[in-house]
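First listed ligand is number 1; within each ligand, the first listed atom is number 1.
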Amino acid sequence: MTIRLTVGQAIVRFLAHQWTERDGAEQRLIPGIFGIFGHGNVAGIGQALLQGAAHDETDLPYYLARNEQAMVHASAAFAKTRNRLQTLACTASIGPGSTNMVTGAALATTNRLPVLLLPSDIFATRVASPVLQELEDPRSYDVSVNDTLKPVSRFWDRIYRPEQLPSALLAAMRVLTDPAETGAVTLCLPQDVQAEAFDWPEELFERRVWHVRRPVPEPAALTRAVATIRAAKRPLIVAGGGSVYSEAEIALVELAEATGIPVADTHAGKGAMPWDHPQAVGGVGSTGTPVANRLARDADVVIGVGTRYSDFTTASRTQFASPDVAFVNLNVAPFDSAKHSAVSMVTDAREGLIALTEALATWGVDDEYVASYQRHRDAWNREVDRAFHLGHAPRPAQTEVLGVLHDVLDPSDVIVQAAGSLPGDLQLLWRANDPKSYNVEYAYSCMGYEIAGGLGTKMADPSREVFVLVGDGSYLMMAQEIATAVSEAIKLNIILIQNHGFASIGALSDSVGSQRFGTSYRQRNPDTGQLDGATLPIDLAANAASLGADVIRTTTIQDFRAAVSRSRASARTTVVEIETDPLAPVPSSESWWDVPVAETSELESTQAARAAYEKAKADQRGYLASARLNRASDPNNQKRDER
Ligand SMILES: Cc1ncc(C[n+]2csc(CCOP(=O)(O)OP(=O)(O)O)c2C)c(N)n1
Ligand SMILES: [Mg+2]
């Protein structure tokens with residue numbers, strides 16, 4: 001039996017019948033679709049969505065976004081909240097509508113988050129070429145602007161003929177639902193092909209359940225990992241996003257408690273172990289806590305669980321500083337598992353942790369090691385309390401803003417963030433009780449993710465209050481999804497931190513000798529010819545109000561505290577603005593980040609920064625030593641076995 005449908009109608013019907021299953025629980029893989037219509041998709045996917053909703057009862061709700069980049073961010077945030085078991089699709093028109101999705105796709109792929117992109121494309125028949133928004137590459141008519149989505153997609157295809165669609169759809173679903181391969185998946189849909197009819201085999205539209213695999217470690221890999229860990233005196237676990245997506249929180253705590261090993265985390269792994277667990281030592285790396293960073297500096301074995309070891313995690317390969325440091329990596333992706341010459345366990349995080357706990361049953365670290373990091377941890381927690389209640393004047397410090405949020409928010413409320421000085425402050429100071437309360441996108445650190453990401457987060461879990469933290473720079477880059485939140489009655493709390501420019505890049509600029517050049521929002525000064533005139537007479541709160549949000553302006557921490565409570569209690573999207581001092585002090589991470597400084601310069605500030613840079617750079621490591629060989633000859637191998 002066949003069913004006659006257009007390509008657009010077939011895609012919509014197919015997507016409505018895709019499910020995922022893990023641990024026996026089934027859920028729709030794609031429970032909705034974002035879009036912005038243009039001539040590329042209005043008559044194709046657009047018609048199919050209308051017909052699906054009106055006549056076929058195809059359950060694929062449509063959400064109208066305001067910017068294509070933002071709709072991909074929202075879908076990525078949705079997928080992150082749903083542990084990659086579900087995501088949203090995005091339909092865009094041809095040309096700019098589609099290229100607007102490139103940044104979103106890159107964000108999804110770097111963060112290992114599934115999103116399904118359906119950019120429209122130029123006519124397959126080419127009879128009317130060049131069409132509106134066609135690139136027209138003189139070297140090849142086979143090139144379109146959608147080719148820019150290739151390097152940022154984990155699967156990319158263009159459907160020139162209806163016959164190609166079934167296999168492309170199946171490949172797309174496989175990549176979306178594979179924990180090791182997942183990321184942006186792109187199916188380019190020429191606008192004529194979207195409207196073309198075809199007789200599809202009925203089975204294409206049957207309910208399909210995609211099992212999300214949990215690979216178990218190879219016994220030999222487990223043996224190697226256990227031997228390496230047993231030889232360790234000062235091991236440290238680094239919990240990354242993989243430990244969250246695999247729902248390995250309990251397994252992580254069990255391994256830590258059974259062995260005494262402390263647990264540090266990355267942005268994506270934050271909250272995998274609750275902050276107040278005595279073995280949780282906070283973020284590690286360039287913006288990590290001094291507790292985790294001191295442990296990292298001395299660690300002899302680093303156990304990476306579902307981490308991609310970004311330069312922020314390794315402090316550009318300086319944080320794990322012991323000369324013979326060995327890595328044991330648990331990762332579902334061989335690509336990540338093999339990093340830093342590790343003893344590699346290609347495994348689902350939860351399965352790998354359970355296997356390690358069992359195999360290490362009689363082993364543990366020395367009591368003195370535990371006592372020492374816990375003493376340091378207690379002192380650090382007092383330091384965080386101090387930063388939360390700094391009393392900085394006349395304008396408050398950003399750390400005090402975080403202090404108020406820490407006091408007022410419910411532990412289950414969600415923080416959404418991505419770029420600026422906030423990710424650093426949050427990784428250093430924020431106390432996450434569970435991983436779903438912390439959605440900081442720090443693989444792509446994309447200004448503009450914040451509000452769009454908040455939207456996707458709230459759509460994925462309406463039961464939690466979502467707090468978007470956004471700097472003035474990032475707000476200016478992408479605030480338009482407030483309109484979407486208002487139209488869909490999706491309630492967001494948006495904390496807008498006004499510090500008149502880039503506090504983050506200003507501090508970075510200072511540290512590399514570039515004197516904060518071009519990092520604050522100022523008018524051009526006729527006397528100097530530079531952007532160092534008066535602060536700008538712009539009103540972002542008024543902008544938010546114009547988009548339909550309720551707005552509360554605050555200047556003092558006391559007012560801010562009351563405003564956050566009011567916003568939280570309100571049913572409507574509310575923006576709370578606070579002006580902060582971008583130069584207020586923040587506790588040190590005792591770490592480094594590799595940002596190259598000009599090797600030759602006429603500026604003294606740059607010369608001084610270069611000297612400091614070269615000194616720090618000397619500590620950079622290759623992490624090339626084979627961990628297994630280093631450990632095999634360790635005389636401590638058996639000593640602590642039966643304690
Ligand atoms: C799309 C994008 N462009 C540029 C950057 C580089 N960048 C990182 S932080 C930042 C400034 C952010 O300013 P704001 O949102 O006001 O935060 P603040 O630094 O003041 O905390 C810039 C330009 C980025 N991360 N993303
Ligand atoms: Mg700013």
Side-chain angles (χ1 to χ4, degrees), residues 67-70 72-74 76-77 99-111 152 267 286-287 310-312 387 392 395-402 405 415-430 440-454 467-482 494-512 514 516-522 531 535-536 538-541 543-544 555 575-586 593-596:
N67 175 303
E68 291 86 355
Q69 180 184 324
V72 186
H73 292 340
T99 51
N100 264 357
M101 297 201 294
V102 174
T103 299
L107 181 146
T109 295
T110 44
N111 280 282
V152 290
H267 278 287
S286 304
T287 56
S310 85
D311 65 345
F312 264 75
H392 192 72
R395 279 175 290 158
Q398 188 164 278
T399 61
E400 294 171 79
V401 168
L402 299 186
L405 295 172
I415 295 283
V416 182
Q417 228 288 311
S421 57
L422 278 160
D425 288 6
L426 285 167
Q427 199 193 18
L428 183 69
L429 304 171
W430 191 251
V440 175
E441 182 282 298
Y442 210 64
Y444 211 49
S445 185
C446 184
M447 291 169 76
Y449 172 82
E450 299 86 353
I451 295 171
F467 282 79
V468 171
L469 275 57
V470 61
D472 55 318
S474 302
Y475 180 92
L476 272 171
M477 213 173 261
M478 228 188 215
Q480 76 294 326
E481 297 313 314
I482 290 175
I494 300 173
I495 309 298
L496 169 56
I497 299 184
Q498 174 59 274
N499 56 20
H500 303 285
F502 308 160
S504 51
I505 307 300
L508 177 64
S509 170
D510 211 27
S511 77
V512 297
S514 296
R516 296 183 179 263
F517 172 70
T519 61
S520 60
Y521 289 150
R522 302 279 177 146
L531 288 173
T535 50
L536 303 186
I538 58 175
D539 187 345
L540 298 182
N543 176 277
T555 48
V575 174
V576 179
E577 187 196 43
I578 174 117
E579 193 159 336
T580 59
D581 179 359
L583 303 178
V586 184
W593 184 35
D594 190 346
V595 177

Quiz item: Looking only at non-hydrogen atoms, which of Leu508, Ile505, Val470 approaches atom 10 (C) of ligand 1 most closely?
Solution: Ile505
Quiz item: If we only count N/O pairs under 3.5 Å, is Ser421 in contact with ligand 1?
Solution: yes
Quiz prompt | CG on Leu107 to OG on Ser445, rounded to 0.5 Å | solution = 9.5 Å
Donor-acceptor contacts, no H, no angles, side chain residues 494-504, under 3.5 Å, sequence neighbours left out:
| unit_1 | atom_1 | unit_2 | atom_2 | d |
| --- | --- | --- | --- | --- |
| Gln498 | OE1 | His500 | N | 2.8 |
| His500 | NE2 | Glu579 | OE2 | 3.0 |

Quiz item: What is the nearest protein non-hydrogen atom to atom 19 (O) of ligand 1, stated with its residue, atom name and distance?
Solution: Ser504 OG, 2.6 Å
Practice problem: Counting heavy atoms only, name the option from Gly473, Ala503, Gly506 that's nearest to atom 14 (P) of ligand 1. | Solution: Gly473
Quiz prompt | Taking atom 13 (O) of ligand 1 as the reference point, the nearest protein heavy atom with its distance | solution = Phe502 CD2, 3.4 Å
Quiz prompt | Those atoms of ligand 1 less than 4.0 Å from some heavy atom in Ser474 | solution = 14 (P), 15 (O)
Quiz prompt | Polar contact flag, side-chain donor to acceptor under 3.5 angstrom, Asn111-Glu441 | solution = yes
Quiz item: If we only count heavy atoms from C-beta on, is the Thr580 to Arg395 side-chain gap below 4.5 Å?
Solution: no
Self-check item: CE on Met447 to CG on Leu476, rounded to 0.5 Å
Solution: 8.0 Å
Quiz item: Which value, rounded to the nearest 0.5 Å, describes the distance between Ile451 atom CD1 and Glu481 atom CD?
Solution: 9.0 Å
Self-check item: Distance filter under 2.8 Å, centred on the Mg ion (ligand 2) - protein N, O or S atoms that pass it
Solution: Asp472 OD1, Asn499 OD1, Gly501 O
Practice problem: Tell me, please: is Gly501 in heavy-atom contact with ligand 1, that is, under 4.0 Å? | Solution: yes
Quiz item: Who passes side-chain hydrogen bond (donor to acceptor under 3.5 Å, both in side chains) against Glu577, sequence neighbours left out?
Solution: none
Self-check item: Shortest heavy-atom approach to atom 22 (C) of ligand 1 - which of Gln417, Gln69, Met447, His500
Solution: Met447
Quiz item: Any idea which part of Asn499 is under 4.0 Å from ligand 1, heavy-atom wise: side chain, backbone, both or neither?
Solution: side chain
Quiz item: Would you call the rings of Trp593 and Phe312 parallel, tilted or perpendicular, where under 30° means parallel and over 60° means perpendicular?
Solution: tilted
Self-check item: Reported CD1-to-CG distance for the pair Ile415 and Leu402, which is rounded to 0.5 angstrom
Solution: 7.5 Å
Practice problem: For Gln427, check side-chain hydrogen bond (donor to acceptor under 3.5 Å, both in side chains) against everything at least two apart and list the hits. | Solution: Thr287
Quiz item: Looking at ligand 1, does Ser445 have a heavy atom less than 4.0 Å from it?
Solution: yes
Quiz item: To the nearest 0.5 Å, what is the distance between CG (Leu536) and CG (Asp472)?
Solution: 9.5 Å
Self-check item: Protein heavy-atom partner closest to atom 17 (O) of ligand 1 - residue, atom, separation in Å
Solution: Gly420 CA, 3.7 Å
Quiz item: Nearest protein heavy atom to atom 1 (C) of ligand 1, by residue and atom, and its distance?
Solution: Met477 SD, 3.6 Å
Quiz item: Would you say the side chains of Asp425 and Gln398 form a donor-acceptor pair under 3.5 Å?
Solution: yes
